[in-house]
Amino acid sequence: MKRRTCIVMLTVLWSVTLFAERKEVHILSANDMHAAIEAFPQLADIVDSLRTIYPSLLIFSAGDNRTGEPLNDRYEIPAYPMVALMNQVGFNASALGNHEFDSRQKGMAQLISLSNFRHLCANIQPDPSLGIHCIPYQIFDVEGVKVGVVGVVQLGARGIPDSHPDNVKGISFLPVKETVQQYAWLRDQCDVTILLTHIGYEDDVELSKDVPWVDLIIGGHTHTQLDGGEIHNGILITQNENRLKRVTHTTLVIEDGKVVEKKAENINVRTWPKKNKVVADMVRFFSENPEFFRKLTVAEAPFSNYEELGCMMCDAFLTETGADVAIQNTGGIRYETKDAGPFTVSDVLQLDPFGNDAVEMTVTGEELRQMILSCGRNDGYGFPRVAGICYDVYYDKIDSVRIKDVKLYGPDGKKLNLKKSYRVVTNSYVASICDAPRKDQGKNMNRQTADMIIEYLSKQPSINYQGVRRTRRLSK
C-alpha cells in the first residue's frame, strides 16, 4: 500500500513538473508605423487589454516609426511625438528602419536618447562622436524564459539604407546575412531567439534559409500584410501593412528551453472599439497646429497614380524657380492616390515629408538623359517624374527588365537637343543618387521642395491632373 501511494505521488509530482516547464511568451509587434499618431489611442487600449491577460507582454517595432505625418515630423523636436507615444504605450525595443535616418545623425541620436526602449541594429557602426547609442541585440527575461532579439536594417544597392546619403555620413553598415549569422551563439544562452528586421518580406524569407537557430522573424520595410504569420524553413515570419492598420499578437510556447508551438494573429487597430484616454489626450496635444490644416487649393478630380502627383510636384518646382526642367524621384512621392477636394498643407507635407532641399544645376541634354537613367537605377522605385520635358523608356522585347534606350522630348513633342544646356531643378536626394557624369553637381537653393509645392498650390484656384502623363514604357 505504501509503495502504491509513493508511486502515485511521484506520478503527480512528475506531471506537475512537466506542466511547470511549459511556458508562454506573448509578443505584440508593429512595423512601418510611419508616425500614424492618430491610431495610438486604439493601440494603447489593445496593449492594456493584452497586458491584463499577459502581464509580461513584449512590444516590438520593426522600424520606420517616423516619416509620414507632419504633426510628428515637423514637431519642434522632429519625430518626438512618436517617441513620447511609444514610451507611454511601453514598447520594449525597436529596429532601426531606413526612415529613422530621416532625422539625420544628430536628430536620430537625440530621439534614441529620449526613448525609454532600446533601438536594436547589429549591422550599423556609427562613429562614436555621433552619439547614436543603439545596440545589436537585447536579452529579455520573461518569467524565467530568456528571449534574445537581434535587430538589422536593410541596405540598398549602394550599401546604405534607403535614405539621403548625407543622413548616414559617419556611419558604416555591414551585410545583413553575414552579420546575423554572428549571433548564432544566442541559441545557447536563450530559450527563444528573434530577429527584428527591417529588410522586407522577400529578404526575410531568403534569410530564413540561413538562420536555423532562429524561432521568429518580425519584419518590416515592404508593408507586406501577412495573415497572422507564415512558416518558412521552420521559422515563423510576421509583418503587417503600414501606418498601424494592424498589429500582430504572437504566442510562443516553450518546453524544456525550446519553442514547441508558434501562433500569430492579426489585430485590426483602426476598428478597435476603445481608446486609451491618456494617450488620446497626448495625441490631441500633439495635433494642435491649425497651420497644417490650412486649405491651399482644390483638386477638381482625384489623383489616381504616382505619375499625376509627381507631375504636379514637378510643375511646382518649375513654376517657383523658372527652370527649364524639373525632376522628382518616384520614391519621394509618398502616397499614390488622393481624393478630389481640398488640398491642405498637411497633404503636401505627407506627400513630400523628407525635408529635401531644392537643387539647381545646368546640364546638357545628354547629361540630363543620363541623370534620368541613373535615377531610375538608383531610386529603387522606377523612373522619375518630370516637368518641362517628357520621355520614353525602351525595354528589350525579350528581356523585359533590360533598358535599351531613353529618348527625351521637349514640350512641343520634338526630340530634345542633347547638346543644348538646360537649367534643371530637382531635390537634394535626386542630386545625390544620380551618379552619371556631369560637370555641374548642383547648387542648393536653400528652399525645401515641400515649401515650393505649398507656394505653388496656394496660387492655384484649383488643379486637375487627371490623365496627365509625361513618361512612357515601350519595347523595341
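Throughout, residue positions are numbered sequentially from 1 according to the sequence presented.
In this model, no donor atom of one side chain and acceptor atom of the other lie less than 3.5 Å apart for D166 and S432. Residues Q239 and T222 have side chains that bring a donor and an acceptor to within less than 3.5 angstrom of each other. The closest side-chain donor-acceptor pair between E366 and Q370 falls under 3.5 angstrom. A side-chain donor-acceptor contact under 3.5 Å links E307 and T471. Side-chain atoms of N123 and T179 include no donor-acceptor pair closer than 3.5 Å. Under the 3.5 Å distance criterion, with hydrogens and angles disregarded, no donor-acceptor pair is assigned to the side chains of T449 and N427. Side-chain N/O atoms of Q225 and H223 include no donor and acceptor closer than 3.5 Å. A donor atom on one side chain and an acceptor atom on the other are not found under 3.5 Å apart for S475 and D396. For the 3.5 Å distance criterion, the side chains of E300 and S462 qualify, holding a donor opposite an acceptor. Using a 3.5 Å distance cut-off with no hydrogens or angles, the side chains of N98 and H221 do pair a donor with an acceptor.
Salt-bridge formation is detected for the pair R243/E38: a Lys NZ or Arg NE/NH1/NH2 atom is positioned less than 4.0 Å from an Asp or Glu carboxylate oxygen. Ion pairing of E241 with R246 is present here, as a side-chain N (NZ or NE/NH1/NH2) and a carboxylate O approach within less than 4.0 Å. For D32 and K245, the salt-bridge test fails: no basic side-chain N is under 4.0 Å from an acidic carboxylate O. Ionic pairing of R423 and E360 is present here: one or more N-O contacts between side-chain nitrogen and carboxylate oxygen are shorter than 4.0 angstrom. Under the 4.0 Å criterion applied to side-chain N and carboxylate O atoms, D210 and K177 are assigned as salt-bridge partners.
Separating the SG atom in C134 from the CD1 atom in I124 is a distance of 4.5 Å, to the nearest 0.5 Å. Separating the NE2 atom in H99 from the CZ atom in F101 is a distance of 11.5 Å, to the nearest 0.5 Å. The distance from the CD atom of E308 to the OH atom of Y465 is 10.5 Å, given to the nearest 0.5 Å. We find the CG-CG distance between L474 and D392 to be 4.5 Å, quoted to the nearest 0.5 Å. Note that CD1 of I37 is 12.5 Å distant from CZ of R66, once rounded to the nearest 0.5 Å.
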- request: Would you please test D347 and Y335 for side-chain contact (heavy atoms from CB on, under 4.5 Å) and show each step?
  value: CA-CA 10 Å; D347 292 328; Y335 50 81; 3.8 Å; yes
Audit row: L195, L216, side-chain contact (heavy atoms from CB on, under 4.5 Å) steps and yes/no
CA-CA 6 Å; L195 298 183; L216 169 66; over 6 Å; no
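Here the rule is side chain to side chain contact (heavy atoms under 4.5 Å, CB included) with V424, and of V359, D324, T321, V363 only V363 fits it.
Checked by atom type and distance alone, the side chain of R104 never pairs as donor or acceptor with a backbone atom of K106 at under 3.5 Å. For S458 (side chain) and E455 (main-chain N/O), a donor-acceptor pair under 3.5 Å exists by modelled atom type. In this structure a side-chain-to-backbone donor-acceptor pair under 3.5 Å is missing from N356 to S428. In this structure, the side chain of E367 engages the main chain of K439 through a donor-acceptor pair within 3.5 Å.
A ring-centre distance under 6.0 Å is not found for F354 and Y429.
V176 and L207 make their closest contact through CG1-CD2, 4.4 Å (heavy atoms, listed as atom of the first residue, atom of the second, distance).
In this structure, the side chains of I135 and L120 come closer than 4.5 Å at one or more pairs of heavy atoms. Here the side chains of V150 and L196 are not in contact, with every heavy-atom distance at 4.5 Å or above. Residues T250 and L236 meet the side-chain proximity criterion, which asks for heavy atoms closer than 4.5 Å.
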